[in-house]
2 protein chains.
Amino acid sequence: MPTIYDVARLAKVSPSTVSRVLNGKLTVDEALAKRVRKAASDLDYRPNALARSLRRSQTNLWAVLVSDINNPFFTALVRGVEDVAQQAKYSVVLCNSDENPDKEADYIAAILAEQMAGVIISPTNRSISSSSRSAPMRQLLAASVPLVAIDRQLRGATVDIVTVDNTHAAQLATDHLVSEGFSRIACITGPRDISTAQQRLEGYRRALRASGRDVDSRLIRYADFREAGGHAAMGDLLDHTPRPDAVFATNNLMTVGALECLVDRGVSIPADVGVFGFDDVPSATLIRPPLSTITQPTYDIGRTAAELLLQRIADPSRPPSRAVLPTELHVRASSLKRRANTSSRD
Amino acid sequence: MPTIYDVARLAKVSPSTVSRVLNGKLTVDEALAKRVRKAASDLDYRPNALARSLRRSQTNLWAVLVSDINNPFFTALVRGVEDVAQQAKYSVVLCNSDENPDKEADYIAAILAEQMAGVIISPTNRSISSSSRSAPMRQLLAASVPLVAIDRQLRGATVDIVTVDNTHAAQLATDHLVSEGFSRIACITGPRDISTAQQRLEGYRRALRASGRDVDSRLIRYADFREAGGHAAMGDLLDHTPRPDAVFATNNLMTVGALECLVDRGVSIPADVGVFGFDDVPSATLIRPPLSTITQPTYDIGRTAAELLLQRIADPSRPPSRAVLPTELHVRASSLKRRANTSSRD
DNA sequence: CTGTTAGCGCATTCAT
DNA sequence: ATGAATGCGCTAACAG
């Protein structure tokens, strides 16, 4: 691989001049600049990002560290991030913590070691409360690496964040189930330590209380935000008293799992059990009955996170901001008790 | 951030000794080694990967560069790669070329600039034939960065590759449609320049020929391996003569698109049009009728690719090898003409 | 406007 | 077995 010195020699200038030209400094005579560009092109020169980064102590890589790479919600985000990043000359790489704090810690260590320029993260949220002094998340914050949280709160730190109004959205969905006349509405939510799971559960609770009902804890299950977890939780609900006549699942994968369980057991939707899901579900339009869902603006979440990251990089001292994006409620047949026979779609 | 010098000073040894200890050289006195480890821990020292990589001209990052991050086939792969990588102390980052040669080129440039230790790629295949002398793919090969292709052939170069027997699998699927008595079997395949699309189409052709039929090019569509493409292709097929009574779609997303089109138009499956898909389809078990598919061992594809990469890194001169993994044929109701009324599932 | 010099943090010679 | 010196490729002071 040719270096800046090879280019300099060929162009008969000094290495610094080459560096200036290649970094777009305007202070170089056009004749020299042209020679440098020609030489670089002739040698097929590519800057060594490692050397540059070591010198500047900063790369042009962003990491998007998500908690489940197999969840389309997270991969859909990435497009939005990429579009903004590309404009600003950053490359974005995706890392998968798999809801596993150890894997998350490993990736954060790598992000730190590689001096990446910014991080967009949906945290597992056990990292920061870890007692280990060298907890990588702690270091990430200490090193003030530009950081934006998505989807969930980062516990123990105030950072830029982009989410939706989970409580409100969940409340609307549950309101709908209530107004449809379902009386034993269950909720399958995510891990207790994840804000998203808490807030969506809280919305469910509020809706029930607002309608003058008790919240029956026997109708609540904490699962893992995955398909298998949703499946198991649904099975467990069906096996116990009171038997739910509707279920609100707080993410896409658990919704799919719950649906599979219902189908496996021959439970009719929505006649026996109404279903409302959170997030878009893959191949949603092919599922019968059509599924009622709350959807999030995934692309915009990615875009917004990237824009916040850019602002944070530009001004590290600016106060952390929170972007709350709108959700959409899509009522379809799976939650329509009273009109269960019409096969409405939107 | 503390450096190796800070650790050295605290441990009252030389920087080289610190380096040796931290890199597990056995030639250091245990007493000194202990002091060094204590000092490093006390200072919360983390090696600067940039400096190390610059020195060794090599990082411990692998890139997985896929052509569509929203295709679960590719994200499912990543798990397999990660598991192998972690064992070998590599971190893996995922990049998305989006079937766009320009984006692919940008990422390859970044991979080169960051001196990543290895690459697993599903190439867009326009990069290498690009006329530009500085085509990054060309450089990637020239720089002999350890490289493994997945899913598709890398045109113009012989590299390690892991795939399935696409031709054979497609032939089996089409054979099945033939034996079910479908007579106007269409094929929706991917871009012409992608080997996977070519091979799956070839398998379709062979099956038709083997059954003594002509291959009617009016029943073939080249789409983009995406949902929208599959949808459009299906619509186009339905709008022209001869009207197909079955369709074989050569990947998961196009299968979903085709199904959506059929549902939109009220075409009954499989009574009016039988459907056979390639790859697992998201939420497949919820789709009615159950979908016949050929499935690939995604996790193993990832694992195998990672293992080949490891071997390539260990011995750059070893001849390129090709791993061909087995597919599975799952016949379900969507392709059963003769028994269209039974709602069999497996 | 351009060239010379120095140093980012580390691993690796080479001495001892 | 350990330490001193060197340079990976680049950018940024500083001179000129």
Side-chain angles (χ1 to χ4, degrees), chain A residues 1-37 39-40 43-61 89 109-117 139 143, chain B residues 1-37 39-40 43-61 89 109-117 139 143:
Chain A
M1 290 277 256
T3 76
I4 209 171
Y5 286 88
D6 300 318
V7 177
R9 202 175 315 122
L10 186 60
K12 301 194 194 306
V13 296
S14 77
S16 6
T17 299
V18 176
S19 173
R20 288 193 266 259
V21 172
L22 267 28
N23 287 295
K25 307 268 191 254
L26 309 320
T27 68
V28 179
D29 185 88
E30 186 51 37
L32 287 197
K34 193 170 280 179
R35 258 162 49 208
V36 167
R37 277 189 284 267
L43 290 173
D44 220 9
Y45 168 79
R46 322 234 90 194
N48 181 325
L50 255 27
R52 164 183 294 171
S53 301
L54 176 60
R55 186 58 233 252
R56 301 214 271 222
S57 45
Q58 166 109 194
T59 66
N60 53 180
L61 240 44
K89 302 287 184 197
I111 286 166
L112 236 22
E114 302 286 339
Q115 322 244 86
M116 296 197 188
Q139 298 206 6
Chain B
M1 291 279 255
T3 77
I4 206 174
Y5 286 87
D6 300 316
V7 177
R9 200 175 316 122
L10 187 60
K12 301 195 191 306
V13 297
S14 77
S16 355
T17 299
V18 176
S19 173
R20 287 180 188 116
V21 172
L22 267 29
N23 287 294
K25 306 270 191 254
L26 309 321
T27 67
V28 178
D29 185 88
E30 186 50 38
L32 286 197
K34 194 171 278 178
R35 265 174 29 218
V36 167
R37 276 189 284 269
L43 290 173
D44 218 11
Y45 167 80
R46 321 234 91 194
N48 180 325
L50 255 29
R52 165 184 291 172
S53 301
L54 177 59
R55 184 58 232 246
R56 300 214 271 224
S57 45
Q58 165 111 193
T59 66
N60 54 180
L61 239 45
K89 303 285 183 196
I111 287 166
L112 236 22
E114 301 287 337
Q115 322 246 85
M116 297 198 186
Q139 298 206 5

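What you see is a predicted model; the values in this text were computed from it and never measured.
- Thr17(A) pairs by the side-chain hydrogen bond (donor to acceptor under 3.5 Å, both in side chains) definition with Ser14(A), not counting sequence neighbours.
- Along DNA chain C, read 5' to 3', the first and last nucleotides having any atom under 4.0 Å from a heavy atom of chain A are dC1(C) to dG9(C).
- Contact annotation: the side chain of Leu61(B) never approaches that of Glu114(B) to less than 4.5 Å [non-hydrogen atoms, C-beta and beyond].
- Residue Arg52(A) places none of its side-chain N or O atoms closer than 4.0 Å to OP1 or OP2 of dG9(D).
- Spacing between atom CD of Gln58(A) and atom P of dC10(D) amounts to 18 Å, rounded to whole angstrom units.
- Smallest separation of non-hydrogen atoms from Gln139(A) and Asp44(B): NE2-OD2, 3.0 Å.
- Each salt bridge (charged side-chain N to carboxylate O under 4.0 Å, His left out) pair with one or both residues in residues 3-30 of chain A, not counting sequence neighbours, appears once here: Asp6(A)-Arg9(A), Glu30(A)-Arg37(A).
- Taking every heavy atom of both residues into account, Ala117(B) and Asn60(B) meet most closely at CB-CA, 4.5 Å.
- With sequence neighbours excluded, no residue satisfies side-chain hydrogen bond (donor to acceptor under 3.5 Å, both in side chains) with Thr3(A).
- Summary of helix geometry: the two end axes of the helix from dC1(C)-dG16(D) to dT16(C)-dA1(D), each defined by five base pairs via their C1' atoms, are inclined to each other by 40° (rounded to 10°).
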Could you list all N or O pairs between the protein and nucleotides 1-4 of chain D that sit under 3.5 Å apart?
unit_1: dT2(D); atom_1: OP2; unit_2: Asp29(B); atom_2: N; d: 2.5
unit_1: dG3(D); atom_1: OP2; unit_2: Ser14(B); atom_2: N; d: 2.9
unit_1: dG3(D); atom_1: OP2; unit_2: Ser14(B); atom_2: OG; d: 3.1
unit_1: dG3(D); atom_1: OP2; unit_2: Thr17(B); atom_2: OG1; d: 2.6
unit_1: dG3(D); atom_1: N7; unit_2: Arg20(B); atom_2: NH1; d: 3.3
unit_1: dG3(D); atom_1: O6; unit_2: Arg20(B); atom_2: NH2; d: 2.6
unit_1: dA4(D); atom_1: N7; unit_2: Ser16(B); atom_2: OG; d: 3.4
unit_1: dA4(D); atom_1: N6; unit_2: Ser16(B); atom_2: OG; d: 3.0

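- Rounded to whole Å, the distance from CD on Gln115(A) to P on dC10(D) is 18 Å.
- The two residues Pro2(B) and Tyr45(B) have their closest heavy-atom pair at O-CD1, 3.4 Å.
- When all heavy atoms of Asn23(B) and Arg56(B) are compared, the pair lying nearest together is OD1-NH1, 3.9 Å.
- Taking atom CG of Asn48(A) as the reference point, atom P of dC10(D) lies 6 Å away to the nearest angstrom.
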